Amino acid sequence: MTIASLCTGRKSSMAIESPAAPQRYEDSYLYRLRHSAAHLMAQAVTELYPGARLSIGPPIENGFYYDIDFPEPLREDDLAKIEAKMKELAKLDQRIERLEVSRDEAKGLILDSTIPGMGEAVSEYKLQLLDAIPEGDTISFYNQQRTDRAGTFHRFLDLCRGPHIDSTKEIKNFKLMSIAGAYWRGNVNNKQLTRIYGTAFETKEELEQYLHNLEEAKKRDHRILGKELGLYMFSPRVGTGLPLWLPKGATLRDVMVDFMKKEQIKRGYDPVVTPHIGNIKLYEKSGHILTYRDKMFPFMEDEEKETYILKPMNCPFHIEIYASQMRSYRDLPVRYAEFGTVHRYEQSGEVTGILRARGFTQDDAHLFVRPDQLLDEFIGVVDLMKTVLNKLGLTDFRARLGTKDPNDNKYVGHEDNWTAATQAIRDACAKMDLPYFESPGDAAFYGPKLDLIIKDALGRDWQMGTVQVDYNLPERFELEYTGEDSKPHRPIMIHRAPFGSLERMIGLLTEQYAGAFPFWLSPVQIAILPIADRHNEKAQELALQLREVIYDTRALRVTVDDRRETLGKKIRDNQLQRVPYMLILGDKDLENGTVGVRSREGDLGAMTLEAFLNQLPS
RNA sequence: GCCGACUUAGCUCAGCGGUAGAGCGCCCGCCUUGUAAGCGGAUGGUCAUCGGUUCGAUUCCGAUAGUCGGCUCCA
């Protein structure tokens with residue numbers, strides 16, 4: 001696969017989408033418009049900041065950016081100035097022209113300091129980009145120029161594959177959004193450039209709609225809703241990325257755990273429980289110390305000079321359990337499941353609420369299987385994942401098959417194993433009718449994997465559930481089972497976590513449902529609202545009665561709102577808490593033997609308790 | 001970790017070189033309520049922390065911490 005575009009550094013362009021979209025974004029006018037807006041911004045920057053060195057500036061999903069090496073640090077306040085300059089340059093109606101040149105001519109242009117956008121200032125980056133263009137490919141530049149009324153000549157030339165729109169005057173509805181640091185070519189060892197993000201649309205209405213949607217999305221942010229709904233909190237006195245689960249959030253977790261345990265029992269999993277810390281030697285043996293050390297919390301040493309670590313993953317412990325006794329081929333597959341809380345010392349800048357915490361709980365399991373069982377077991381896991389997604393009501397996800405990057409040699413294991421495992425995953429997805437896309441380079445170093453990817457409220461991708469085939473750890477720990485031939489054989493391990501982590505999944509669900517969880521998940525399912533305090537006693541009785549009702553695996557979760565507040569106030573507060581049902585209890589109801597039922601959608605009228613229970617979602 | 005921004009009462013936020021304000025919440029009264037905020041009162045802040053500039057700093061500058069948007073990385 002060649003580099004997707006000179007101006008497109010997107011990693012995702014490496015991925016092969018399986019269902020072809022009817023009109024690809026890359027072919028749209030909007031895409032060209034945004035690409036041209038990026039050039040316009042670069043032109044404005046070169047005029048405003050003579051020492052600025054340009055590197056790369058592609059359109060992206062919701063706009064565009066340009067990575068620029070500024071002589072002085074750029075501040076957010078500077079964006080207004082750049083925006084104003086862009087407006088001025090756009091109005092000049094500069095024609096955007098493509099020119100195709102030879103490699104030598106290209107080098108000449110890049111080094112020509114008389115051309116704005118070219119010369120010594122940019123050559124550091126542009127020559128590298130030129131070198132990256134494969135031999136034989138067309139090399140193109142885009143030029144825009146015009147003399148303004150005051151007689152000043154404006155010009156901008158950029159090495160670019162294009163395509164672009166015809167004139168800068170088409171760039172009217174844009175906004176510079178933010179600035180950020182970004183490493184040259186995405187490599188931390190390279191220089192950090194200043195990235196300016198912007199967006200552009202064809203019409204003013206679309207731009208305003210987009211900005212409005214962004215505001216709306218912020219209200220669905222799990223960090224805001226988590227606080228409003230009393231799900232979890234963080235305290236700086238506890239530590240960064242270490243969530244404290246409040247009663248309602250803890251209830252939500254329990255419900256999800258119950259659901260998963262039930263599914264796992266059905267599927268022949270056995271529960272295990274392992275400690276939070278363990279001897280470092282185990283992790284040396286597993287190899288995690290080599291690859292994971294900088295993501296671990298500081299080590300602990302006891303009086304006997306033994307070193308312990310806070311576990312960043314559960315697998316070595318489960319392996320110890322497997323290895324604790326002789327295994328027959330008849331015992332396999334062995335499936336050990338644990339809601340394992342792990343701790344990873346994520347870099348401070350990458351902790352994001354509950355979506356990326358430093359302490360989190362995986363719905364983890366490890367399957368030890370024979371080679372001939374690999375496909376069936378993988379199918380079983382994919383089936384479980386589909387069941388989970390379905391139950392959670394998640395439809396907006398993508399499945400990614402992470403395969404080996406053929407140009408990288410970081411992988412361990414025999415080629416035959418890789419091929420077999422990758423094919424097993426493809427076959428399992430095909431059999432289970434799960435659409436996926438393949439992404440070379442996204443495999444674990446020890447084997448291929450299948451990940452579920454979901455977007456959050458702000459459009460960011462998150463890896464959720466995962467299934468990974470592992471030939472490496474069985475090898476390192478010399479795991480065995482006795483085969484039919486009474487000789488030792490090596491099992492294959494499957495690591496899998498259908499939710500991924502409870503934290504991340506609850507965060508995503510919060511955003512997906514904007515806090516209005518499905519009935520079965522809601523921390524409070526029913527709020528009883530006595531109208532006056534003479535109804536409080538009956539309300540408590542009703543609550544006790546409802547708590548006898550088993551729904552799914554647990555008793556109905558019922559509260560009584562007996563605060564000395566008006567009914568309107570109680571309704572409002574419970575509505576804001578997204579309680580699925582309110583049962584209103586007053587004189588009329590006591591007389592008639594009914595309750596006033598109100599769902600999230602509004603008043604459903606008076607009905608008997610039996611009628612209410614019968615209409616609950618099944 | 002790196003680049004940029006933010007941090008004022010429990011929460012959401014005004015304010016500003018002369019040591020602070022609103023709404024909601026909490027608490028106390030009154031009201032006893034029929035489908036999205038009843039009324040009144042009271043409480044509540046070393047303006048994140050530590051330094052500097054200044055006659056004087058919550059306000060200006062610097063450092064630190066936390067948070068947010070990115071980069072890198074990841075469940």
Side-chain angles (χ1 to χ4, degrees), chain A residues 9 11 65 67 70 73-79 177-197 218 221 223-224 227-228 234-237 239-241 292 294-295 312-313 340 342 344-364 442 444 451-454 458 460-466 468 495 497-505 507-508 529-536 563-576 582 584-589 596-600 602-606:
Chain A
K11 239 192 208 158
Y65 69 77
D67 284 350
F70 283 91
L74 193 72
R75 308 192 52 218
E76 224 146 69
D77 300 342
D78 297 323
L79 294 183
M177 305 296 286
S178 61
I179 62 182
Y183 301 102
W184 168 237
R185 300 200 139 179
N187 186 332
V188 276
N189 300 317
N190 289 341
K191 185 165 187 181
Q192 190 165 48
L193 310 172
T194 302
R195 173 172 299 179
I196 307 177
Y197 280 98
K218 280 184 193 155
D221 190 311
R223 288 164 296 196
I224 303 210
K227 189 184 276 183
E228 284 176 7
F234 289 93
S235 164
R237 285 177 289 278
T240 294
Y292 237 82
D294 58 345
K295 304 206 70 167
M313 65 271 302
V342 296
R344 300 180 183 176
Y345 197 80
E346 304 290 351
Q347 297 186 74
S348 58
E350 58 192 13
V351 172
T352 302
I354 215 174
L355 293 181
R356 184 84 182 266
R358 280 183 174 165
F360 59 96
T361 301
Q362 298 177 312
D363 56 331
D364 210 359
D442 271 323
D451 299 318
L452 297 174
I453 314 286
I454 303 183
L458 297 178
R460 297 175 293 207
D461 278 342
W462 292 95
Q463 180 184 321
M464 311 301 293
T466 182
Q468 306 173 0
H495 308 241
F499 291 149
S501 79
L502 285 170
E503 286 74 10
R504 187 171 283 181
M505 185 53 89
L508 255 303
L529 277 47
I531 288 181
D533 44 13
R534 63 176 174 279
H535 309 121
N536 286 355
R563 295 175 300 161
R564 295 174 67 94
E565 295 287 353
T566 59
L567 181 64
K569 173 71 169 165
K570 290 179 184 179
I571 288 173
R572 177 181 161 79
D573 288 346
N574 283 284
Q575 193 90 32
L576 289 175
M582 289 174 237
I584 289 139
L585 205 61
D587 291 332
K588 286 183 215 164
D589 300 296
V597 179
R598 185 186 166 95
S599 74
R600 285 176 180 139
D603 191 0
L604 300 183

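Residue numbering restarts at 1 for every chain, and letters A, B, ... go by the order of the sequence lines. Every value quoted in this text rests on a predicted model; they were computed, and no experiment measured them.
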Shortest side-chain distance from A:R344, nucleotide among B:rC74, B:rU33, B:rG34:
B:rC74
Treating A:Q463 as the side-chain partner and A:L452 as the backbone partner, does any N or O pair qualify as donor plus acceptor under 3.5 Å?
no
For the backbone of A:W184 and the side chain of A:K191, can you confirm whether one donor and one acceptor N or O come within less than 3.5 Å of each other?
no
Using whole Å, report how far CG of A:D603 lies from C1' of B:rU35.
5 Å
Determine whether any donor atom in the side chain of A:Q575 lies under 3.5 Å from an acceptor atom in the base of B:rU35, or the reverse, and answer yes or no.
no
Within the structure, does a side-chain N or O atom of A:R356 lie under 4.0 Å from either OP1 or OP2 of B:rA75?
no
Find the distance A:Y292:OH to B:rC73:P and express it as a whole number of Å.
13 Å
A:I584 side chain near A:I571 side chain, heavy-atom distance below 4.5 Å:
yes
Using a 4.0 Å heavy-atom cut-off, write out nucleotides 58-71 of chain B from 5' to 3' as B (base contacted by protein), S (sugar-phosphate only) or - (no contact).
--------SSSBBB
Integer-rounded Å distance: B:rC6 P and A:K218 NZ:
14 Å
When you match A:L452 and A:G596 each to their closest nucleotide on RNA chain B, which lands nearer the 5' end?
A:G596
Which pair of non-hydrogen atoms, one from A:D589 and one from A:A606, has the smallest distance, and what is that distance?
OD1-CB, 4.4 Å
Looking across every strand, which nucleic acid part, if any, lies under 4.0 Å from A:L74 by heavy atom: base, sugar-phosphate, or nothing?
sugar-phosphate
Are A:F499 and A:T361 close enough that some pair of their side-chain heavy atoms sits under 4.5 Å apart?
no
note: A:R563, atom CZ; B:rC31, atom C1'; distance rounded to Å ~ 16 Å
Once you apply a heavy-atom cut-off of 4.0 Å, does A:G568 come out as touching a base, just sugar-phosphate, or nothing?
sugar-phosphate
Measure the distance from CZ on A:R75 to C1' on B:rA5 and round it to the nearest whole Å.
9 Å
With sugar-phosphate meaning primed atoms plus P, OP1 and OP2, does A:T566 contact a base, only sugar-phosphate, or nothing at under 4.0 Å between heavy atoms?
base
Out of B:rC74, B:rA5, B:rU72, which nucleotide sits closest to the side chain of A:E76?
B:rA5
Tell me: CG of A:L355 to C1' of B:rA75, nearest whole Å?
10 Å
Identify which nucleotide among B:rU72, B:rG38, B:rU35 has an atom closest to any side-chain atom of A:E565, counting heavy atoms from C-beta outward.
B:rG38
Go through RNA chain B and write down every stem, that is, every run of at least three consecutive Watson-Crick or G-U wobble pairs with distances under 3.5 Å, as range with range.
B:1-7 with B:65-71, B:10-13 with B:21-24, B:27-30 with B:38-41, B:48-52 with B:60-64
So does A:P312 get a backbone contact from the side chain of A:R344, meaning a donor-acceptor N/O pair under 3.5 Å?
yes
Of the options B:rA5, B:rA75, B:rG34, whose atoms approach the side-chain atoms of A:D589 most closely?
B:rG34
If you look at every strand shown and take non-hydrogen atoms under 4.0 Å, does A:E503 touch a base, only sugar-phosphate, or nothing?
nothing
Less than 4.5 Å apart, side chain to side chain, heavy atoms only: is that true for A:T352 and A:R223?
yes
A:R572 has a side chain; which of B:rA5, B:rA37, B:rA75 sits nearest to it?
B:rA37
Between A:K570 and B:rA37, is there a side-chain N or O to OP1/OP2 distance below 4.0 Å?
no
OP1 or OP2 of B:rC74 sitting under 4.0 Å from any side-chain N/O of A:Q463?
no
Determine yes or no for a side-chain-to-main-chain donor-acceptor pair under 3.5 angstrom, with A:D573 supplying the side chain and A:K570 the backbone.
no
Atom CG of A:L576 to atom P of B:rU35: distance rounded to whole Å?
18 Å
B:rG25 phosphate, OP1 or OP2: any side-chain N/O from A:K569 under 4.0 angstrom?
yes
A:R358 side-chain N/O to A:E346 backbone N/O, donor-acceptor pair under 3.5 Å
yes
Heavy-atom check, side chain of A:I196 versus side chain of A:L74, under 4.5 Å
yes
Looking only at N and O atoms, is any donor in the side chain of A:D587 or the base of B:rG34 less than 3.5 Å from an acceptor on the other one?
no
N/O donor-acceptor pair under 3.5 Å between A:D451 side chain and A:M464 backbone
no
Nearest heavy atom decides the nucleotide; on that basis, is A:A606 or A:Y345 closer to the 5' end of RNA chain B?
A:Y345
In whole angstroms, how far is the P atom of B:rG34 from the CE atom of A:M582?
16 Å
Touch check for A:M464, heavy atoms < 4.0 angstrom, all strands: base, sugar-phosphate only, or nothing?
sugar-phosphate
